[in-house]
J.: 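Have a look at the structure that comes next, please.
So that the names make sense, note that chain A is the first sequence line, chain B the second, and so on, each numbered from 1.
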Protein chains: 2
Amino acid sequence: MREGPDIAYVSTLIGDPARANMLTLLMSGKALTVSELAEEAGVTIQTASSHLSKLHTGGLLRPRKQGRHKYYALANEDVARLLEGVMGLAAGVGHLRRRTGPKDAQLRQARVCYNHLAGALATQMFDSLMAKGHLVLKGDDLILTDAGAAFARDFDIELDVLHSARAPLCRECLDWSERRSHLAGSLGRAFLIRFEELSWVKRVEQTRIVSFSRSGDEAFRKLFSIERP
Amino acid sequence: MREGPDIAYVSTLIGDPARANMLTLLMSGKALTVSELAEEAGVTIQTASSHLSKLHTGGLLRPRKQGRHKYYALANEDVARLLEGVMGLAAGVGHLRRRTGPKDAQLRQARVCYNHLAGALATQMFDSLMAKGHLVLKGDDLILTDAGAAFARDFDIELDVLHSARAPLCRECLDWSERRSHLAGSLGRAFLIRFEELSWVKRVEQTRIVSFSRSGDEAFRKLFSIERP
DNA sequence: CGCATAGTTCGACCTTTATCGAAGCATCAG
DNA sequence: CTGATGCTTCGATAAAGGTCGAACTATGCG
């Protein structure tokens, strides 16, 4: 035995309900304090503290201290991608207790995935970018074409700043609800930020839901040539 | 809380060491009996039986009865992909106990992932197919171009048979050691089968390792224009 | 039919670990 | 300094779940 890496270890980390709750919360991309996470996960602060430090040791979370607060966030996009993957399997194959609540439809339509947009609209946006030749896949790397760069600049995204960062510019991220790719990477993040700046979208507090304003939805669909369903 | 699917449930399933061992074994793509899995995982048959039925309930495995044997295999490619994802994180970030054994180099070079080829050579093969325009990415779907179809037919792969199957023809699968895509789907499977038929490769028993013969390696590199390192 | 082999179910241990109360640091405000 | 807040550490408790022996069912072989 003992071929390949120790998958039981990280799976156990995700496998505890309290920890899974916290990780799901952190998929919003925001960094949260120990007490916030404790509250949301329904455990005491001591317990949460213990869990969070385990997740940190396991490399799933990255803590940052600010004053007397300690903020935890997902360690990197790989973690976010993995979690989306698990969600995909859990949703498709998964537990029968899957009751589709009222929030569910909104969640499928548009939500935050770590720091970029996910959901039906996000995959359509990704398809549009591919179809128009703004993005191409080369090997496993997603490349922004010249046309794509022009498109992004037109949308007031400062590509030079993004390029100088260490993080990859474009990445695919598999969407658990759609089972298709959407755009991740610093460009994916930049798009979401612009949407917020333009007030096309607003994040719904305490959830991963991203709600489009009436005019925002229209502008978004126009920009990416997405027809109304 | 309780947004999105129950990720703790499937993670717990993978999180037990004995179950993780079995799943890793099944990544070879072969279906194995209860006793074989028990043996390899280092538990008794009763225990293994219990674990396997849990994995089945959780949708990770698909059992098939043949005579007085019961064969278990991974339920589908999604499961295989997820496991590769977990391996990627566990390897990169993962446990310090990560000691690179002698097998390790071979495993990184070429191994079986569910039913297709993975490892360094597999990602290079994938890159080659993309670079030559035999495959293109459209949205999240990997499309075999006309040129690609001709290429496959030249290699004596019966595309018509594959097309008629329900399973998708081409899929990407993220390679944990390379962190790049390799080819999955029924076409990926067909390629591996052809390599075996031509005796280019042989599977090493009891492992996921795929070893290339001297001439097989040469032919493979020539076919996909891969330079010797 | 009897016997052997493959797998399941049941029940009893026993290790693992999540949980929280209480006490201990660290940081900030005054 | 004192008090208040955020978080961590320690220790005891309790619940969950993996493990295996033993008994049971199912299939195949003569």
Side-chain angles (χ1 to χ4, degrees), chain A residues 1-2 6-26 30-58 60-73 75 90 95 97, chain B residues 1-2 6-26 30-73 75 95 97:
Chain A
M1 251 296 43
R2 214 135 287 134
D6 187 353
I7 63 173
Y9 174 65
V10 318
S11 298
T12 303
L13 282 178
I14 308 176
D16 176 77
R19 285 194 292 258
N21 280 343
M22 296 181 186
L23 288 170
T24 305
L25 279 168
L26 290 170
K30 289 206 302 187
L32 300 175
T33 65
V34 176
S35 18
E36 287 169 332
L37 289 164
E39 164 90 12
E40 293 289 337
V43 293
T44 61
I45 298 183
Q46 311 96 288
T47 308
S49 172
S50 156
H51 284 311
L52 291 167
S53 96
K54 281 173 191 168
L55 289 170
H56 171 52
T57 307
L60 298 187
L61 296 187
R62 191 165 46 89
R64 251 173 299 177
K65 282 197 79 166
Q66 253 173 50
R68 50 182 173 178
H69 293 274
K70 191 164 181 182
Y71 287 92
Y72 278 97
H95 240 181
R97 358 182 137 149
Chain B
M1 253 292 45
R2 213 135 289 136
D6 188 354
I7 63 174
Y9 175 65
V10 317
S11 298
T12 303
L13 282 177
I14 308 176
D16 176 76
R19 286 194 292 258
N21 280 344
M22 297 180 185
L23 289 169
T24 305
L25 279 168
L26 290 170
K30 289 206 301 189
L32 299 174
T33 65
V34 177
S35 18
E36 287 169 331
L37 289 164
E39 164 89 11
E40 292 289 336
V43 293
T44 61
I45 298 182
Q46 311 96 290
T47 308
S49 173
S50 156
H51 283 313
L52 291 167
S53 96
K54 281 174 193 169
L55 288 171
H56 171 55
T57 307
L60 298 187
L61 296 187
R62 190 165 45 90
R64 252 172 300 176
K65 281 197 82 166
Q66 256 173 49
R68 52 181 172 178
H69 293 275
K70 191 162 181 184
Y71 287 92
Y72 278 98
H95 239 181
R97 349 182 144 150

J.: Rounded to the nearest Å, what distance is computed from the CG atom of residue B/Leu37 to the C1' atom of nucleotide C/dT8?
T.: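 For the pair B/Leu37 CG and C/dT8 C1', the rounded distance is 16 Å.
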J.: Using a heavy-atom cut-off of under 4.0 Å over every strand shown, decide if A/Thr33 touches base, sugar-phosphate, or nothing.
T.: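 Sugar-phosphate: the residue A/Thr33, judged by heavy atoms under 4.0 Å, touches backbone atoms but no base.
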J.: Looking for any heavy atom pair under 4.0 Å, which part of the strands does B/Ala18 touch: base, sugar-phosphate only, or nothing?
T.: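 Counting heavy atoms under 4.0 Å across all strands, the contact made by B/Ala18 is with sugar-phosphate only.
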J.: According to a strict under-4.0 Å criterion, is A/His69 in side-chain N/O contact with OP1 or OP2 of C/dC28?
T.: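 So the side-chain polar atoms of A/His69 never come under 4.0 Å of the phosphate oxygens OP1 or OP2 of C/dC28.
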J.: CG of A/Asp16 versus P of C/dT16: gap in Å, rounded?
T.: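 Between P of C/dT16 and CG of A/Asp16: 17 Å.
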J.: Does B/Ser49 have a side-chain nitrogen or oxygen under 4.0 Å from the phosphate oxygens OP1 or OP2 of C/dT8?
T.: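 Yes, B/Ser49 has a side-chain N/O under 4.0 Å of OP1/OP2 on C/dT8.
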J.: Nearest 0.5 Å please: distance from the CZ atom of A/Arg64 over to the NE2 atom of A/His69.
T.: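 With rounding to 0.5 Å, CZ (A/Arg64) is 14.5 Å from NE2 (A/His69).
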J.: Of B/Leu52 and A/Arg19, whose closest DNA chain C nucleotide lies nearer the 5' terminus?
T.: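 Looking at DNA chain C, the more 5' nearest nucleotide goes with B/Leu52.
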J.: I need the B/Thr33 OG1 to B/Glu39 CD distance, nearest 0.5 Å.
T.: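 Going from the OG1 atom of B/Thr33 to the CD atom of B/Glu39 covers 10.0 Å.
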J.: Can you measure A/Arg68 atom CZ to C/dG24 atom P for me and round it to whole angstrom units?
T.: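 Atom CZ in A/Arg68 sits about 21 Å away from atom P in C/dG24.
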J.: Is the shortest side-chain N/O distance from B/His51 to OP1 or OP2 of D/dG17 below 4.0 Å?
T.: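 No.
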J.: Send over the distance from A/Asn21 CG to C/dA18 P, rounded to a whole Å.
T.: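 Whole-Å distance recorded here is 14 Å.
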J.: Rounded to whole angstrom units, what separation is found between the NZ atom of A/Lys70 and the C1' atom of D/dT8?
T.: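 About 8 Å, once rounded to whole Å.
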J.: Return whichever of A/Gly42 or A/Lys65 has its heavy-atom-nearest nucleotide of DNA chain C closer to the 5' end.
T.: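 Final value for this comparison: A/Gly42.
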J.: Under 4.0 Å between a side-chain N or O of B/Lys54 and OP1 or OP2 of D/dG18?
T.: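 So the side chain of B/Lys54 is within the cut-off, an N or O lying under 4.0 Å from OP1 or OP2 of D/dG18.
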J.: Distance from B/Leu26 atom CG to B/Glu36 atom CD, nearest 0.5 Å?
T.: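 Output value for this atom pair is 10.0 Å.
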J.: Nearest 0.5 Å please: distance from the OG1 atom of B/Thr12 over to the NZ atom of B/Lys54.
T.: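 Atom-to-atom, B/Thr12:OG1 and B/Lys54:NZ are 11.0 Å apart.
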J.: Please lay out, stage by stage, how A/Thr47 and A/Thr44 fare under the test side chain to side chain donor-acceptor pair (under 3.5 Å).
T.: CA-CA 5 Å; A/Thr47 308; A/Thr44 61; 3.0 Å; yes
J.: Look at the side-chain N and O atoms of A/Thr44 and state whether any lies under 4.0 Å from the OP1 or OP2 oxygen of C/dC20.
T.: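 It does, given that an N or O in the side chain of A/Thr44 lies less than 4.0 Å from OP1 or OP2 of C/dC20.
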J.: Which whole-number value in Å describes the distance from B/Gln46 CD to C/dC10 C1'?
T.: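 Those two atoms, CD and C1', are 11 Å apart.
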J.: Mind calculating the distance between CD1 (A/Ile14) and P (C/dA18) to the nearest angstrom?
T.: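 Rounded to the whole Å, the gap is 14 Å.
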J.: So, does A/Ser35 get its side chain near the phosphate of D/dC7, meaning an N or O under 4.0 Å from OP1 or OP2?
T.: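 Yes.
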J.: Without decimals, in angstroms, what is the distance between B/Ile45 CD1 and C/dC10 P?
T.: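 After rounding, the reported distance stands at 18 Å.
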